Amino acid sequence: MKFSDVTCPFCGSLCDDIEIEVEDNRIKTIENTCKLGTAKFLNVHEVLTPLKKGEEISIDESIAEIADVLSNSSRPLLYGWSSTNIDAIRLGVMLAERVKGVIDNTSSVCHGPSIVAEQSSGMVSSTLGETLNYADLIIYWGCNPLEAHPRHMSRYTSFPRGLYREEGRRDRYNVVIDVRKSDTAKVCSNFLKINPNQDFELISALRLAIKDKPIPENVAGIHRGEIEKLANRMKNCEFGAVFFGLGLTMSEGKFRNVDNALNLVKDLNDYTHFIIMPMRGHYNVKGAGEVFTWQTGYPFGVDFSRGYPRYNPGETTAVDLLMNEEVDSMLVVASDPVAHFPRDAVRYMKKIPVFVIDPAFSLTAGISRVYIPSAISGIEDGGTAYRMDGVPLSMKKLIDAPKGILSDKEILTRIIGKV
Ligand code: SF4
């Protein structure tokens, strides 16, 4: 059977032009993916049954144990949610409310500061369809899409022909601002090498330069002439777009850097049309924030322990709760915090009961009390995910999961039924 317009469930670009051929419940051919997408579609389950401390147990026993521990915890943490569909995320929020826990998604360790800045300053943005059709100046700041979002430049920004950019790459000017000459910088028209942790200073200098105010001779390692040239190009383009990554969000200054960048883009809209967008990593991290916000009013780090939703990044976010030893159990869905969290947070995770629901047997699964393998969302289960620009796209079920493996939705519904 052939499937067209399949959505790739790997990165926030959420390419929805993938062609897949399935034979005997196996993916036989894949077209249009990058190497990351291909690897995701060829993923296979390593573990086919729930495990308790390495020993096989039944799905009923594993669900009963998770429900029992979460119900009897004084403040459980429910973490992950960026690599599953929005129906599962909605159930996660419902479960967190029922057990009076804290629910957090991976934004709190990636673009959380960007979201905080968006909340305080507002953000001028667009869809990726608009950048494809209109953008003539593209700036990648603190990110390396050729490695992290390999088709972003060829589908939405720098290379393709658009409605008003018929010459494709020749109609667009591409700039990279980064601390090192990344692969993306090597294929762009201009590369500005910035000193580490001086993004705020460079953004401030650009804001001065576009208003024709004097700036120092050298800012963040970049000569005044280069800054003025870029400011001039920004003011005089027809449609400019800044895409920024963790190099901006997580360098010194954090949400202040992003806040300054959002205001730079607002300033530019006095002269031309300019937008800005964070490069979201996991394919549905944007969707996790959307669902949390519909349900609770807050995009991540939502604490139900007082019976109503409360949000205070730095206090109600996963790493802070673990480092301060303020939660007493943890359910991880579609994420691998042991691979990414600071050592002290992981050390505390080893002291409390941790449960994992994930298609892959991750490092976190390795320290878990109970691990339940689940169907791969976007391959063995359908649903909806949000692209980095906030456009919802449907994902197709292409093959059946191996016998006995349930979807995240089914597992969470059964846990909710027991708490
Ligand atoms: S760029 Fe991202 S969404 Fe597109 S095919 Fe590659 S991994 Fe999948």
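Just so it is clear, the model here is predicted, and its values are computed rather than measured. In each ligand, atom 1 is the first atom listed, and ligand 1 is the first ligand listed.
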message: Counting non-hydrogen protein atoms only, what is the nearest one to atom 4 (Fe) of ligand 1? Give residue, atom name and distance.
response: Cys15 SG, 2.3 Å

Heavy-atom nearest neighbour in the protein, as seen from atom 1 (S) of ligand 1, with distance rounded to 0.1 Å: Arg151 N, 3.3 Å

query: Which atoms of ligand 1 sit under 4.0 Å from any heavy atom of Leu14?
result: 3 (S)

Exam field: side chain Ser120 to backbone Ala117, donor-acceptor pair closer than 3.5 Å: yes

- request: Look at atom 8 (Fe) of ligand 1 and say which protein heavy atom is nearest, naming residue and atom and giving the distance to 0.1 Å.
  value: Cys8 SG, 2.3 Å

message: Quick check on the 6.0 Å ring-centre criterion: do Phe341 and Tyr79 meet it?
response: yes

query: Do you see an N/O/S atom of Cys34, backbone or side chain, under 2.8 Å from atom 8 (Fe) of ligand 1?
result: no

task: Return the orientation label for the His152 and Tyr140 ring planes: parallel under 30°, perpendicular over 60°, tilted otherwise.
output: perpendicular

- request: On the 0 to 90° scale, with breaks at 30° and 60°, tag the Phe361-Tyr371 ring pair as parallel, tilted or perpendicular.
  value: perpendicular

query: Is Arg310 close enough and on-axis enough to Phe304, meaning under 6.0 Å and within 45°, for cation-pi?
result: no

Protein residue, atom and distance nearest to atom 2 (Fe) of ligand 1, heavy-atom basis: Cys11 SG, 2.3 Å

